[in-house]
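We count ligands from 1, going down the list as the structure has it; atoms in each ligand are counted the same way.
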Amino acid sequence: MNVTYAQLEEIYDRPFFELIEESHRVHKKHWPGSEVQLCTLLNIKTGACSEDCGYCSQSAHHNTGLKPEPLMPVEEILPHAQAARDNGATRFCMGAAWKGVREGDRRFDSVLESIREVSKLGMEVCVTLGHLNDSEAKKLKEAGVTAYNHNIDTSPEYYPQVISTHTFDDRLATIGAVQRAGMSVCCGGIIGMGETRRDRLRMLEVLANLNPPPESVPINCLVPVAGTPLESRAEPVKIFELVRLIATARIVLPLSKVRLSAGRTSLTQEGQALCFFAGANSFFYGDKLLTTPNPGENEDMELLAALDLQPLEPYSPASVPVS
Ligand code: SAM
Ligand code: DTB
Ligand code: SF4
């Protein structure tokens, strides 16, 4: 979809109930069921990251007190993946805190082996491993990766205020490699980092104009981490601004899964219900994100039951949109 900034602004600024009525209508047209995707995260390599992302607990540039851990071998990863599947996860997402993978590095070979094993469990397999070139992306696809998560995080204009060790264009280059390799792109961002409404909409503009648009779009609310530069710039996200952004994303990215991501522990259940009504159809499931807390599994299952929503079966017809 070719979407302009002016169109995004017009959608976002509609009277609140008109906006969410429209986004709910678009949602029902393309996602007629009441399924929600449950993605479970596992941090397979923790901390000591060379990048300086201002929000991140895992950057070696910030003193967050996080204890670095080396890359988990396949035998340590598999029990986590099995537990996630047994608890009802649809997608298993493995994250590594480093700048990117390097072909020929034994750590990359170890990740490829883990992907091959996890993909036998029947869940969708997502990884988020930083920067990739074409041939690395191809190897990940061949190993069984369904989707690659690589966020643009904010607008091109605000990006240098958040990160200095790589550029917005570096992020787009990796997204290009992921697309050429035939993996789905999972790409979204963070709000609550002191950015403006314009930055949020510029971020959506870039996402909506990716060709093809991302298969999934995580919308994270900043989890302020002590010791990070953004701790002091953090602004609690206003729930109706989050709902407006999700509704706008649903309208301009009708075929994408919109994921209510980090920051749910600061939202009420009623607030989350509004997000699902406005068009979110995925969330992170399990009591830990990568390094920070997430609502408990029982609490989330109760929320789904109360809203008459069902966990999405991986690879089921309901996991693809009606176009
Ligand atoms: N190192 C890889 C990368 O940068 O793509 C993968 C892991 S990184 C932690 C994945 C994403 O998590 C980031 O792009 C960001 O959107 C999100 N994230 C990290 N820390 C966060 C925080 N404190 N609050 C909200 N989202 C966060
Ligand atoms: C995404 O957009 N959010 C997830 C996932 N992709 C990898 C990560 C959220 C991390 C929140 C902070 C933490 O737990 O360290
Ligand atoms: Fe490293 Fe990713 Fe954290 Fe940036 S967001 S510091 S690249 S782990």
Give a yes/no verdict on whether any heavy atom in R171 is under 4.0 Å from an atom of ligand 1. yes
Mind telling me whether Y148 and H150 have parallel, tilted or perpendicular rings, with 30° and 60° as the class edges? tilted
Residue, atom and distance of the protein heavy atom nearest atom 8 (C) of ligand 2 read L290 CD1, 3.8 Å
Does L129 approach ligand 1 within less than 4.0 angstrom via side chain, backbone, both or neither, non-hydrogen atoms only? neither
Specify whether the nearest protein heavy atom to atom 2 (Fe) of ligand 3 is under 4.0 angstrom away. no
Just heavy atoms, cut-off under 4.0 Å: does I190 contact ligand 1 by side chain, backbone, both, or neither? side chain
Using a 4.0 Å heavy-atom cut-off, say whether T292 meets ligand 1 through its side chain, its backbone, both or neither. neither
Starting from atom 5 (C) of ligand 2, find the nearest protein heavy-atom neighbour and note its residue, name and distance. F284 CZ, 3.6 Å
Please list the nearest protein heavy atom to atom 8 (S) of ligand 1 with its residue and the distance rounded to 0.1 Å. L290 CD1, 4.4 Å
Under 3.5 Å: donor-acceptor pair, side chain of S59, backbone of H61: yes
Under 4.0 Å from one or more heavy atoms of L41, ligand 2 contributes atoms 4 (C), 5 (C), 7 (C)
Would you mind checking if R116 and E113 are paired as a salt bridge, meaning a charged N to carboxylate O distance below 4.0 Å? no
Report yes or no: does a heavy atom of C221 sit under 4.0 Å from some atom of ligand 1? yes
Give me the nearest non-hydrogen protein atom to atom 24 (N) of ligand 1 as residue plus atom name, then the distance to 0.1 Å. V223 N, 3.0 Å
Would you check if the side chain of Y285 reaches a backbone N or O of Q37 as a donor-acceptor pair within less than 3.5 Å? no
Where on A96 is there a heavy atom closer than 4.0 Å to ligand 1, on the side chain, on the backbone, on both, or on neither? backbone
Whether T248 side chain and R244 backbone form a donor-acceptor pair below 3.5 Å: yes
Would a distance-only check, ignoring hydrogens and angles, find a side-chain to backbone donor-acceptor pair under 3.5 Å from D105 to R102? no
For K45, is there an ion pair with E76 - N to carboxylate O distance below 4.0 angstrom? no
For atom 12 (O) of ligand 1, what is the nearest protein heavy atom, given as residue, atom name and distance? N151 ND2, 4.5 Å
For atom 10 (C) of ligand 1, what is the closest protein heavy atom, and at what distance to 0.1 Å? N149 OD1, 4.1 Å
Checking the side chain of S34 only, and the main-chain atoms of L309 only, is there a donor and an acceptor separated by less than 3.5 Å? no
Atom 16 (O) of ligand 1: which protein heavy atom is closest, and how many Å away? D153 OD1, 2.6 Å
Enumerated ligand 1 atoms positioned under 4.0 Å from heavy atoms of L222: 24 (N), 25 (C)
Checking E69 now: which residues fulfil side chain to side chain donor-acceptor pair (under 3.5 Å) with it, not counting sequence neighbours? K67
CD1 of I246 to CG of L19: how many Å apart, nearest 0.5 Å? 11.0 Å
V223: heavy atom below 4.0 Å from ligand 2, yes or no? no
Is the terminal nitrogen or CZ of R198 (NZ for Lys, CZ for Arg) located under 6.0 angstrom from the six-membered ring centre of Y5 and within 45° of that ring's axis? yes
Quick one: does Y55 get a heavy atom under 4.0 Å from ligand 2? no
Enclosure of D86 CG (heavy-atom neighbours >12, cutoff 6.0 Å): yes
What protein heavy atom sits nearest atom 7 (C) of ligand 1, and how far away is it? T128 OG1, 3.9 Å
So how many protein N, O or S atoms does atom 3 (Fe) of ligand 3 have within less than 2.8 Å? 1
Going by the atom numbers of ligand 1, which of them fall below 4.0 Å from some non-hydrogen atom of A262? 25 (C), 26 (N)
Under a 4.0 Å N-O cut-off, is there an ion pair linking R197 with E241? no
Within the 4.0 Å heavy-atom cut-off, what S57 brings close to ligand 1 is neither
Short N/O distance, under 3.5 Å, between P218 and ligand 2? no
Among T291, T64, T228, N43, exactly one meets side-chain hydrogen bond (donor to acceptor under 3.5 Å, both in side chains) together with Q58. Which residue is that? N43
Is any side-chain N of the basic residue among R25 and E21 closer than 4.0 Å to the acidic one's carboxylate O? no
Closest non-hydrogen protein atom to atom 12 (C) of ligand 2, residue and atom name please, with distance? T292 OG1, 3.5 Å
Run through N294, N220, T265, T40 and flag the one making a side-chain contact (heavy atoms from CB on, under 4.5 Å) with L289. N294
Just to confirm my output: which protein heavy-atom neighbour is closest to atom 13 (C) of ligand 1, and how far is it? Y55 OH, 3.7 Å
Could you tell me if any non-hydrogen atom of S57 lies under 4.0 Å from any atom of ligand 2? yes
Using the ring of each side chain (for Trp, its six-membered ring), is F16 parallel, tilted or perpendicular to F240, with breaks at 30° and 60°? perpendicular
Does NZ belonging to K28 count more than 12 external heavy atoms closer than 6.0 Å? yes
May I ask you to check if ligand 1 and Q58 share an N or O to N or O distance below 3.5 Å? no
Ignoring hydrogens, just give me the one of N220, I190, N43, N149 whose non-hydrogen atom is nearest atom 2 (O) of ligand 2. N220
If only side-chain N and O atoms count, and only distance matters, is there a donor-acceptor pair under 3.5 Å linking T165 with E51? yes
Looking at T291, which atoms of ligand 2 are within less than 4.0 Å of one of its heavy atoms? 13 (C), 14 (O), 15 (O)
Do the side chain of W98 and the main chain of A48 share a donor and acceptor less than 3.5 angstrom apart? no
Is it the side chain (CB and beyond), the backbone, both or neither of N220 that lies under 4.0 Å from ligand 1, heavy atoms counted? side chain
